[in-house]
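Bear in mind the structure is a predicted one, so any value in this text is a computation, not a measurement. Below, chains carry the letters A, B, ... as their sequence lines are ordered, and counting in each starts from 1.
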Protein chains: 2
Amino acid sequence: MLKQERHAFIIQQLNVHNRVYSTDLQQRLVVSEDTIRRDLQELAEEGMLIKVHGGAVSKSFHFTLSNNNVYASKAKKDIAQKACHLIANDMVVLLTGGTTIREMINELSPMLKATFITPSIPIALELMNHPRVDVIFIGNQLNKNAQMATGAEVVKMLSTIRADLCFLGTNAIEAGAGITDSSWEVVEVKKAMIQATDKLVSMVIAEKLNTIQPMQVCGVSDIDTLITELPADHELLAPYHSKGIRLL
Amino acid sequence: MLKQERHAFIIQQLNVHNRVYSTDLQQRLVVSEDTIRRDLQELAEEGMLIKVHGGAVSKSFHFTLSNNNVYASKAKKDIAQKACHLIANDMVVLLTGGTTIREMINELSPMLKATFITPSIPIALELMNHPRVDVIFIGNQLNKNAQMATGAEVVKMLSTIRADLCFLGTNAIEAGAGITDSSWEVVEVKKAMIQATDKLVSMVIAEKLNTIQPMQVCGVSDIDTLITELPADHELLAPYHSKGIRLL
DNA sequence: TATATTTATGCAGGTTTATGCAGGTTTTTT
DNA sequence: AAAAAACCTGCATAAACCTGCATAAATATA
């Protein structure tokens, strides 16, 4: 078997499984331990994979591991900066929880004078650093996993509110399934927020584009504006653009 | 299984659940206790997570308030340790704001199963780190200086509650003037909390003993238990003892 | 065609890494 | 205060690693 064939096989395995073991490759390709090691070494030098003790992992795999923090926070900051321009003085704004929303609050102008309504404790805390905004917390029974208020009481309170804008920190979005989430309680609250707002803004990092979770929050058509860290004409956003959503 | 695979699994679990337990990971990944510990240690060094006794928590979740520059934190810790013994399972407990109360929450046993009611955002946040307690937040309009909800709505909600205990973070106390405070809005809320509780516990560091502020919260006779960092027979506490207050 | 050159592979040996285990310490729970 | 759980340190071992060398195959050259 040619070296190039082995290399091709290794890459293919990596694409499928995101990882390969040296010992496994030895057996399947019937070559010595050293040969496999040299193969992996060469492919690593070409930047095709990342060698680790015992085998190799695919580049995208390693990406999601190491970049979780650095890369994602940069993206969130980009999103936050785009988002905060949407808020004008004297608006009433609904906010969900999530780190992206928190980032946005940090980016708000200290001159802004608006009313913010949220069921999220960390968001409320962050808002209190802003001297000129009014902060209204929604709900009483707190959900520890989501760090926010959930339940019938929240939904009831939201039903008496009419806001100008609602910013939704989004866990999963897909052109067909719309915005989806994993917790039933959180979905209930988000639905009520969407009912209570005039315009809906979804903030999502590209990593979560085209992913689906079990429960639907709303359809794509309910979204007015979608904010990601990508340029508005990026191909990943095309399906949303074609449905008439404003992209930032 | 490669080390990197385990690491990826741990990070993924953290992203979903915000917390992992070493014992659980041991079983799911079928490795020894030590290996998991080393994994968590390495990931913590890389800044991917925060290690805690028994496992790890996600970095973004661990939005914890800095306890670093709390004034007189040794004294407050002493007070907190005395205070938390007063709380038994299934109690309903009212809490004001303040660093002493926060310190007490940190000292609570994670096994405690009780209901806590508070109008303070930082206190609510701190309480959510406790796995087994119910947390109820009171109010909607937030006061930025006090970082808590104030106003008629809070008073009204409190009037419908009957709690077993109320812990009052106290700014000033004096044998004649009772507990006093400087903000009218905060005093209104504290008064309502006192109305709503069976027993009132005042927590105060010694340097605030025998000081007076403009507005009265309650008289000395309303207090059931007074907790300071001093021994119960300290001379500074004699005037309170003579009025029949229980001292800790 | 015969010989030199390169390339690919395997092997010997010594080194490093990953993991589990033993023992003792600290933290948590009862 | 005792017991249990989680923690840490150091050590042992096996697996994976590397370096250098030898050999075989492929390729190039005379």
Side-chain angles (χ1 to χ4, degrees), chain A residues 1-11 13-14 17 19-46 48-57 61-62 65-66, chain B residues 1-11 13-14 19-46 48-57 62 64 67 77-78 80-90 103-114 129-133:
Chain A
M1 170 170 271
L2 259 51
K3 185 163 74 160
Q4 289 181 351
E5 289 181 78
R6 285 200 314 273
H7 284 201
F9 180 81
I10 292 169
I11 294 297
Q13 288 290 306
L14 266 181
H17 296 116
R19 96 269 107 153
V20 290
Y21 306 115
S22 312
T23 47
D24 179 44
L25 291 172
Q26 275 170 53
Q27 293 179 4
R28 314 236 327 236
L29 300 172
V30 200
V31 286
S32 80
E33 185 190 332
D34 304 73
T35 301
I36 289 298
R37 208 183 350 275
R38 270 184 281 245
D39 284 343
L40 295 180
Q41 202 167 301
E42 285 164 32
L43 288 166
E45 275 162 23
E46 293 167 33
M48 306 290 290
L49 51 75
I50 289 158
K51 208 155 118 40
V52 300
H53 194 98
V57 296
F61 180 82
H62 191 257
L65 235 187
S66 68
Chain B
M1 170 169 271
L2 296 173
K3 188 166 70 160
Q4 279 72 12
E5 286 183 84
R6 286 198 315 270
H7 286 198
F9 180 84
I10 292 168
I11 293 298
Q13 287 290 306
L14 268 181
R19 136 187 302 138
V20 291
Y21 301 98
S22 309
T23 45
D24 179 43
L25 290 172
Q26 271 172 56
Q27 294 179 0
R28 315 244 317 243
L29 298 172
V30 200
V31 287
S32 80
E33 187 191 331
D34 306 73
T35 301
I36 290 297
R37 212 190 337 283
R38 271 184 280 243
D39 284 344
L40 295 180
Q41 200 169 301
E42 283 166 34
L43 288 166
E45 274 163 23
E46 292 166 35
M48 308 286 296
L49 51 74
I50 293 164
K51 212 154 110 47
V52 298
H53 194 97
V57 296
H62 200 75
T64 181
N67 283 340
K77 193 163 189 169
D78 288 347
Q81 283 174 342
K82 293 183 192 176
C84 64
H85 295 303
L86 297 177
I87 306 174
N89 276 336
D90 299 319
E103 198 61 56
M104 181 184 74
I105 297 170
N106 285 326
E107 297 288 333
L108 290 176
S109 155
M111 280 299 102
L112 179 72
K113 191 168 171 313
N129 292 330
H130 271 269
R132 306 186 57 180
V133 306

**Q** I need the L14(B) CG to R19(B) CZ distance, nearest 0.5 Å.
**A**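 Spacing of CG (L14(B)) from CZ (R19(B)) equals 10.0 Å.
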**Q** Do you know the tightest heavy-atom contact between A56(A) and L49(A)?
**A**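 Where A56(A) meets L49(A) most closely, the heavy atoms are CB-CD1, 4.0 Å.
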**Q** Roughly, in whole Å, what's the span from CG in L40(A) to C1' in dC18(D)?
**A**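 Going from L40(A) (CG) to dC18(D) (C1'), I get 14 Å.
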**Q** Is it the case that dG10(C) (base atoms only) and R37(A) (side chain only) share a donor and an acceptor within less than 3.5 Å, ignoring hydrogens and angles?
**A**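 No such pair is found, so the answer is no.
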**Q** Could you identify the nucleotide paired to dC21(C), looking across every strand shown and requiring Watson-Crick or G-U wobble geometry with both distances under 3.5 Å?
**A** dG10(D)
**Q** Whether the side chain of D34(A) and the base of dC17(D) hold a donor-acceptor pair under 3.5 Å is what I'd like checked.
**A**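 No.
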**Q** Answer yes when E33(B) and R37(B) have at least one side-chain N-carboxylate O distance shorter than 4.0 Å, and no when they do not.
**A** yes
**Q** Do the side-chain N or O atoms of S32(A) get closer than 4.0 angstrom to the phosphate oxygens (OP1, OP2) of dA8(C)?
**A**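 No.
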**Q** Describe the nucleic acid contact of Q41(A) in one word from base, sugar-phosphate, nothing, applying a heavy-atom distance below 4.0 Å.
**A**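 If one applies the 4.0 Å heavy-atom cut-off, Q41(A) turns out to touch the sugar-phosphate alone, with no base involved.
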**Q** Have a look at S22(A) and tell me which of D39(A), D34(A), L40(A) forms a side-chain contact (heavy atoms from CB on, under 4.5 Å) with it.
**A** L40(A)
**Q** Side-chain N or O of T35(A) versus OP1/OP2 of dA8(C): is the shortest distance under 4.0 Å?
**A** no
**Q** Assign each of R38(B) and T23(B) to its nearest nucleotide of DNA chain D by heavy atoms, then name whichever residue's nucleotide is nearer the 5' end.
**A** T23(B)
**Q** Between P on dT15(C) and NE2 on H53(A), what's the gap in Å once rounded to a whole number?
**A** 17 Å
**Q** Can you check the E5(A) CD to dA8(C) P distance for me, whole Å?
**A**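 The answer, rounded to whole Å, is 13 Å.
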**Q** Grab the CD-P distance between Q27(B) and dA6(D) for me, whole Å please.
**A** 10 Å
**Q** Measuring only between side-chain heavy atoms, which start at C-beta, is I36(A) closer than 4.5 Å to T23(A)?
**A** no
**Q** Given atom CD of E45(B) and atom P of dC8(D), what is their separation to the nearest angstrom?
**A** 11 Å
**Q** In whole angstrom, give the distance that lies between atom CG of L2(A) and atom C1' of dA25(D).
**A** 12 Å
**Q** Roughly, in whole Å, what's the span from CD in Q4(B) to C1' in dA16(D)?
**A** 13 Å
**Q** Figure out the CD1/P separation between I36(B) and dA5(D), and round it to whole Å.
**A**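 Rounded to the whole Å, the gap is 18 Å.
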